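What you see is a predicted model, and the numbers here were worked out from it, not measured in a lab. The basis for the numbers below is simple: all heavy atoms, side chains too, and nothing from hydrogens, waters or symmetry mates.
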Amino acid sequence: MTGRAPSSSSHLRLADEFFLVAHNHDSATIVPRLHDTGIELGLAGALLAELVLERRLEIVDGRVIVFNPAPPADQLAASMLRDIVMEPPHSIRIWLEYLSQDARDKVGSRLHVAGHLAQVRQRKWWGGPAVQYRAVNAEQALIPEVRLHDLLARPHPGIEFTRISMDHKLMQDVTLAALAHSTGLLPALLWYHGPHRARSQLDEMRRALPAPLLELAKQTEAAVGDAVLGRRR
């Protein structure tokens with residue numbers, strides 16, 4: 001996959017894009033590319049990052065602080081911001097663990113309502129209905145992945161903090177790449193181009209991210225690591 005992605009994906013929010021890249025769209029229903037914990041915590045980090053990108057939240061001393069309580073247009077983001085406004089400042093880790101409990105269902109539902117995913121109703125083997133998803137348009141669903149390839153598979157000399165800070169879409173793309181790395185998803189996306197080269201590219205770009213977004217990526221990585229270690233004990 002090479003080349004620029006078409007502009008038709010510009011309305012996708014960060015968590016929507018993470019959901020799409022975290023699943024394979026080649027089969028009748030989407031197939032996870034990552035373990036459940038990685039997807040759930042990655043989506044939680046992406047939901048928090050959406051509100052940081054919109055200047056609704058700030059990260060101060062590892063805690064999530066409300067910067068602007070005005071609700072965003074997106075219903076899921078507005079509902080999440082209301083929850084955060086009603087609570088005293090909590091650590092990033094607490095919000096990651098809380099939001100990860102139903103982030104997958106909520107983001108999947110948002111993509112379904114927006115027309116990106118269709119529901120596929122199946123029967124569970126022990127009885128009762130089960131809802132899975134398939135991409136309405138598989139090519140459109142791959143656009144965020146194509147952009148990640150474009151971002152990380154070739155050099156981008158001169159990317160600096162000022163450029164990323166002034167380019168909202170570039171900042172979202174780099175944050176998506178950072179969260180993909182934090183959850184262990186990146187090798188599954190960039191195996192063809194070589195994950196080690198992509199990691200080197202990403203390290204440089206991560207250093208140019210605004211501090212709150214970089215801290216979210218780091219805390220997401222730590223939360224995933226702790227969860228995986230906890231399962232092995």
Other residues, nucleotides and ligands only: do more than 12 of their heavy atoms fall within 6.0 Å of CD on E139?
no
Hey, does P69 have a side-chain heavy atom less than 4.5 Å from the side chain of R56?
no
L214 versus T175: any side-chain heavy-atom pair under 4.5 Å?
no
Is the shortest heavy-atom distance from the side chain of E17 to the side chain of R147 under 4.5 Å?
yes
Between the main-chain N or O of L216 and the side-chain N or O of T220, is there a donor-acceptor pair closer than 3.5 Å?
yes
Cut-off 3.5 Å, side chains only: do S100 and E40 have a donor facing an acceptor?
no
If we only count heavy atoms from C-beta on, is the S182 to K218 side-chain gap below 4.5 Å?
no
Going by heavy atoms in the side chains, are W95 and V64 under 4.5 Å from each other?
yes
For the pair R110 and E50, find out whether any cationic side-chain nitrogen is under 4.0 Å from an anionic carboxylate oxygen.
yes
Just verifying a value: how many Å separate I92 CD1 and E215 CD, rounded to the nearest 0.5 Å?
4.5 Å
In terms of hydrophobic clusters joined by side-chain contacts under 4.5 Å, are M80 and F67 together?
no
Does CD belonging to Q119 count more than 12 external heavy atoms closer than 6.0 Å?
yes
E58 and R63: CA distance, side-chain angles, deciding distance, salt bridge (Lys or Arg N to Asp or Glu O under 4.0 Å) verdict:
CA-CA 8 Å; E58 184 59 88; R63 294 184 177 273; over 6 Å; no
Going by heavy atoms in the side chains, are L41 and L99 under 4.5 Å from each other?
no
Do D83 and Y98 come close enough that some side-chain heavy atom pair is under 4.5 Å?
yes
With a 4.5 Å limit on heavy-atom distance, are the side chains of P72 and L81 in contact?
yes
